[in-house]
Visitor: 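My structure is below; once you've seen it, I'll send some questions.
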Amino acid sequence: MACKNCFEKPVFKLISGESLCRSCFLRYFERKVRKTVRIFKLLGKEERIVVGVSGGKDSLTVLNILHNIAERQRKWEVIALAIDEGIKGYRNSCLMDARDFCKTRGITLHVYSFKDEFGYSLDEMVKKLKMKPCSICGVLRRHLLNTKARELGATKLATGHNMDDEAQSIIMNQFRRNIETSARLGPITGVIKEKKFIRRVKPLYLMTEKEVMAYAFLKGISGRFVECPYAYDSYRGEVRDMLNEFEARHPGTKNSIVQSFLEILPLLKKHYKTQAKLKFCRVCGEPCSGEICKACEILEKLGVTGRKNRKNKRKGSKGKIRKNL
Ligand code: SF4
Ligand code: ZN
Ligand code: ZN
């Protein structure tokens, strides 16, 4: 079967069953990302966008596309932010890719680590706490991404979440009866507007993981396809495998999950906006729903409480900021 537009040799088959050649696929992908940004009003005319990068194909793809748009229209400023959780044999290699990528394109990259910020790497925390690695990692990474993006003057925090990630999150929340958490999903996050929360946007929201992989490959974006050593132990991993199996038998399943979720999302946001009472963590001062935020709960278990103590734990670290390393 030839490309549906120009009859050249196809390289990618869409969910619809139609095939596209290399140049038509790249055009299709970039147009769809720009359309996602436009229809969901993810970004305004003037923005300082901090892109959260892991070194994987998704985050480097979103960084690449936003950086290219910013180069043309010059009203966006795009910088990158990476969190080094301290996962031996995994994160270092991913961060090397992020550094190379940013260096060749002249993008400023800021790297912050759990070890410098909290006194312990994730590997050390896992040994000390009886908690699932992903539960610690997710909470502390979100906390750092928000606080550091804010310190960097971000108007938006862009992430590389794609349609597969979103479908997994929706199903995970359904299975665990976490509907309030689902109200915070969607292409632009946040139920309540609060200046301490940097709104997160997901320009790849409507792109499947396969599409992102193909785009990254065709563009020579060398994000690694290595998996975190803790991923085997994650609930998300189980849901991902289940959805992949289902998608193989019933193509379009993930798209249907996300599209039907988008239909009910305004109702969820409205419902939880009226219910939500925003408080501020009495330890760190960040916005949260309880007395103490989830990050401080974990840090308390580690014996690292309060801003002052956390800084003492850093033992002389000056909040390492590395640019274009
Ligand atoms: Fe963190 Fe879990 Fe993802 Fe590994 S798989 S990076 S531990 S959230
Ligand atoms: Zn074509
Ligand atoms: Zn806190």
Side-chain angles (χ1 to χ4, degrees), residues 1-14 18-29 31 52-56 58-59 82-95 98 113-114 117-118 121-127 129 131-147 159-161 165 168-169 172 196-197 214 218 223-241 278-302 304-310:
M1 196 194 289
C3 170
K4 76 168 178 119
N5 294 339
C6 69
F7 306 107
E8 287 289 323
K9 190 172 152 234
V11 295
F12 195 85
K13 195 171 173 188
L14 302 172
E18 294 164 320
S19 298
L20 293 175
C21 72
R22 182 183 188 279
S23 60
C24 289
F25 173 73
L26 293 176
R27 207 164 38 241
Y28 149 84
F29 190 98
R31 266 192 199 153
V53 295
S54 61
D58 304 277
S59 57
I83 305 296
D84 179 0
E85 301 92 344
I87 304 171
K88 197 165 176 260
Y90 168 67
R91 187 54 83 208
N92 274 353
S93 53
C94 294
L95 286 177
S113 72
F114 278 15
E117 298 297 321
F118 306 127
S121 67
L122 182 65
D123 288 339
E124 289 165 342
M125 292 180 191
V126 168
K127 283 189 193 131
L129 301 174
M131 285 178 72
K132 294 240 182 202
C134 297
S135 308
I136 306 171
C137 181
V139 167
L140 295 183
R141 195 178 46 209
R142 268 196 303 279
H143 180 86
L144 268 191
L145 279 174
N146 189 63
T147 53
T159 64
H161 289 93
D165 300 322
Q168 289 155 19
S169 299
M172 282 163 68
K196 277 192 155 185
F197 270 139
L218 294 171
R224 288 170 208 233
F225 300 106
V226 284
E227 195 161 61
C228 170
Y230 295 122
Y232 74 92
D233 199 16
S234 78
Y235 190 65
R236 179 177 289 276
E238 286 181 48
V239 171
R240 182 193 59 198
D241 294 347
L278 194 66
K279 295 180 182 168
F280 294 90
C281 172
R282 65 177 159 80
V283 180
C284 70
E286 291 297 308
C288 63
S289 51
E291 292 298 310
I292 297 182
C293 74
K294 294 261 180 290
C296 286
E297 276 177 17
I298 293 173
L299 295 171
E300 253 180 18
K301 285 186 192 153
L302 283 166
V304 188
T305 47
R307 278 194 172 151
K308 205 171 125 222
N309 288 346
R310 266 187 234 168

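Both ligands and their constituent atoms are indexed starting at 1 by order of listing. The structure presented is a predicted model; accordingly, all values stated were derived computationally and were not measured.
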Visitor: Between the side chains of S169 and R236, is a donor N or O closer than 3.5 angstrom to an acceptor N or O?
Guide: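 Yes, because at least one side-chain N or O of S169 sits under 3.5 Å from a partner of the opposite role on R236.
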Visitor: Angle at the Zn ion (ligand 3) between SG of C284 and SG of C296, to 10°?
Guide: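 Between SG of C284 and SG of C296, the angle at the Zn ion (ligand 3) is about 110°.
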Visitor: Between R240 and D165 (side chain of the first, backbone of the second, donor and acceptor by atom type, cut-off under 3.5 Å), is there such a pair?
Guide: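 Judged by distance alone, no pair lies under 3.5 Å.
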Visitor: Which pair of non-hydrogen atoms, one from M125 and one from I136, has the smallest distance, and what is that distance?
Guide: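 In this case the closest contact between M125 and I136 is SD-CG2, 3.7 Å.
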Visitor: When rounded to the nearest 0.5 angstrom, what is the spacing between CG in D58 and OG1 in T159?
Guide: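 It is 9.5 Å, given to the nearest 0.5 Å.
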Visitor: Taking 2.8 Å as the cut-off, does an N/O/S atom of H143 lie below it from the Zn ion (ligand 3)?
Guide: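 Here the distance criterion (N, O or S atom, under 2.8 Å) is not met by H143, so no.
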Visitor: Could you please tell me which protein N, O or S atoms lie under 2.8 Å from atom 1 (Fe) of ligand 1?
Guide: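 Protein N, O or S atoms closer than 2.8 Å to atom 1 (Fe) of ligand 1: C137 SG.
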Visitor: So, the side chain of D123 versus the backbone of K88: is there a donor-acceptor pair under 3.5 Å, distance only?
Guide: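 Pair found, side chain donor or acceptor close to backbone of K88.
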Visitor: Considering residues at least two apart in sequence or located in another chain, which fulfil the salt bridge (Lys or Arg N to Asp or Glu O under 4.0 Å) criterion with E18?
Guide: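 Scan of E18 (salt bridge (Lys or Arg N to Asp or Glu O under 4.0 Å), adjacent residues dropped) gives K4.
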Visitor: Do you see an N/O/S atom of C281, backbone or side chain, under 2.8 Å from the Zn ion (ligand 3)?
Guide: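 For C281, the answer is yes, given that an N, O or S atom comes within less than 2.8 Å of the Zn ion (ligand 3).
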Visitor: What distance do K294 atom NZ and R142 atom CZ have between them, rounded to the nearest 0.5 Å?
Guide: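 Taking NZ in K294 and CZ in R142, the distance rounds to 10.0 Å.
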